[in-house]
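Numbering of ligands and ligand atoms starts at 1, following listing order.
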Amino acid sequence: MPSIFTRIIRGEIPCYKVAESETCFAFLDINPLAKGHTLIVPKNEVDYLFDVEDELYIDLMRFAKKVAIALEKAVPCERIGVTVIGLEVPHAHVHLIPINALNDMNFAKPKLTMSAEELEMLAATISANFN
Ligand code: AMP
């Protein structure tokens with residue numbers, strides 16, 4: 001069975017798309033830890049990040065860097081935090097999170113509530129800054 005992220009990439013499930021490359025896809029996390037929380041996913045479904053073959057792994061990180069640059073322009077912050085968890089969705093992904101303090105990366109914190117309109121506008125703003 002395809003992962004929920006594969007179904008998003010195929011357009012079978014809606015998402016707030018930020019950007020895509022030939023091999024990778026970026027969209028907003030539906031339960032954001034911070035405004036602009038974005039997921040970076042390889043289009044080729046592999047569960048565990050460190051099982052992704054080298055060329056795609058490098059593509060993913062290069063793509064994540066480009067998205068992070070766009071994200072920082074769209075959501076002013078101290079840094080873009082990067083983390084990998086993968087305990088919920090078995091399709092390798094990198095979390096990019098705009099942060100100003102250590103606790104902004106705390107996944108045990110309650111998630112933000114954002115309206116569909118806010119998420120849509122935010123995705124469009126990040127996308128507009130993506131080169
Ligand atoms: P983890 O696998 O532990 O890294 O967590 C998976 C992340 O994917 C969580 O932050 C979820 O909020 C997020 N997520 C799960 N389903 C969706 C979805 N349909 N659209 C966007 N984000 C999602």
Side-chain angles (χ1 to χ4, degrees):
M1 204 173 93
S3 75
I4 189 165
F5 290 169
T6 292
R7 298 193 63 206
I8 286 173
I9 293 161
R10 288 179 184 164
E12 296 168 4
I13 292 177
C15 75
Y16 300 98
K17 181 179 165 182
V18 166
E20 75 178 301
S21 70
E22 202 179 309
T23 57
C24 303
F25 199 88
F27 54 100
L28 294 181
D29 194 297
I30 201 73
N31 293 121
L33 202 49
K35 187 180 161 193
H37 184 166
T38 300
L39 302 177
I40 309 292
V41 180
K43 288 182 178 174
N44 185 17
E45 184 179 333
V46 176
D47 176 353
Y48 184 45
L49 182 72
F50 298 125
D51 287 332
V52 172
E53 50 96 6
D54 286 359
E55 200 179 322
L56 180 56
Y57 180 83
I58 288 163
D59 263 11
L60 186 78
M61 291 305 165
R62 208 176 267 141
F63 180 69
K65 179 178 174 181
K66 286 174 67 176
V67 174
I69 290 166
L71 181 52
E72 201 162 358
K73 286 179 186 155
V75 182
C77 56
E78 191 75 27
R79 299 248 162 172
I80 301 296
V82 181
T83 195
V84 174
I85 301 177
L87 290 174
E88 183 187 320
V89 177
H91 184 148
H93 54 280
V94 172
H95 295 257
L96 296 182
I97 304 168
I99 56 170
N100 294 295
L102 185 59
N103 199 40
D104 295 343
M105 289 292 283
N106 178 1
F107 274 74
K109 271 197 330 184
K111 304 298 185 292
L112 294 186
T113 304
M114 291 179 69
S115 69
E117 290 73 24
E118 279 178 300
L119 289 165
E120 210 164 293
M121 274 184 52
L122 187 54
T125 308
I126 303 165
S127 189
N129 282 287
F130 181 82
N131 295 304

Original post:
Who's touching ligand 1 if we go heavy atoms under 4.0 Å?
Top reply: I4, F5, I8, F27, L28, D29, I30, N31, L39, I85, G86, L87, E88, V89, H93, H95
Original post:
Tell me the salt bridge (charged side-chain N to carboxylate O under 4.0 Å, His left out) pairs involving residues 53-74, sequence neighbours left out?
Top reply: none
**OP:** For the residue pair F63 and F130, categorise the inter-ring angle as parallel (less than 30°), tilted (30 to 60°) or perpendicular (more than 60°).
**Re:** perpendicular
Subject >> Any side-chain heavy-atom pair of T23 and K43 under 4.5 Å >> reply: no
**OP:** Mind telling me whether H91 and F5 have parallel, tilted or perpendicular rings, with 30° and 60° as the class edges?
**Re:** tilted
Original post:
Relative to the ring of Y48, is the ring of F50 parallel (under 30°), tilted (30 to 60°) or perpendicular (over 60°)?
Top reply: perpendicular
Subject >> D104/I97 under side-chain contact (heavy atoms from CB on, under 4.5 Å): CA gap, chis, key distance, verdict >> reply: CA-CA 8 Å; D104 295 343; I97 304 168; 5.5 Å; no
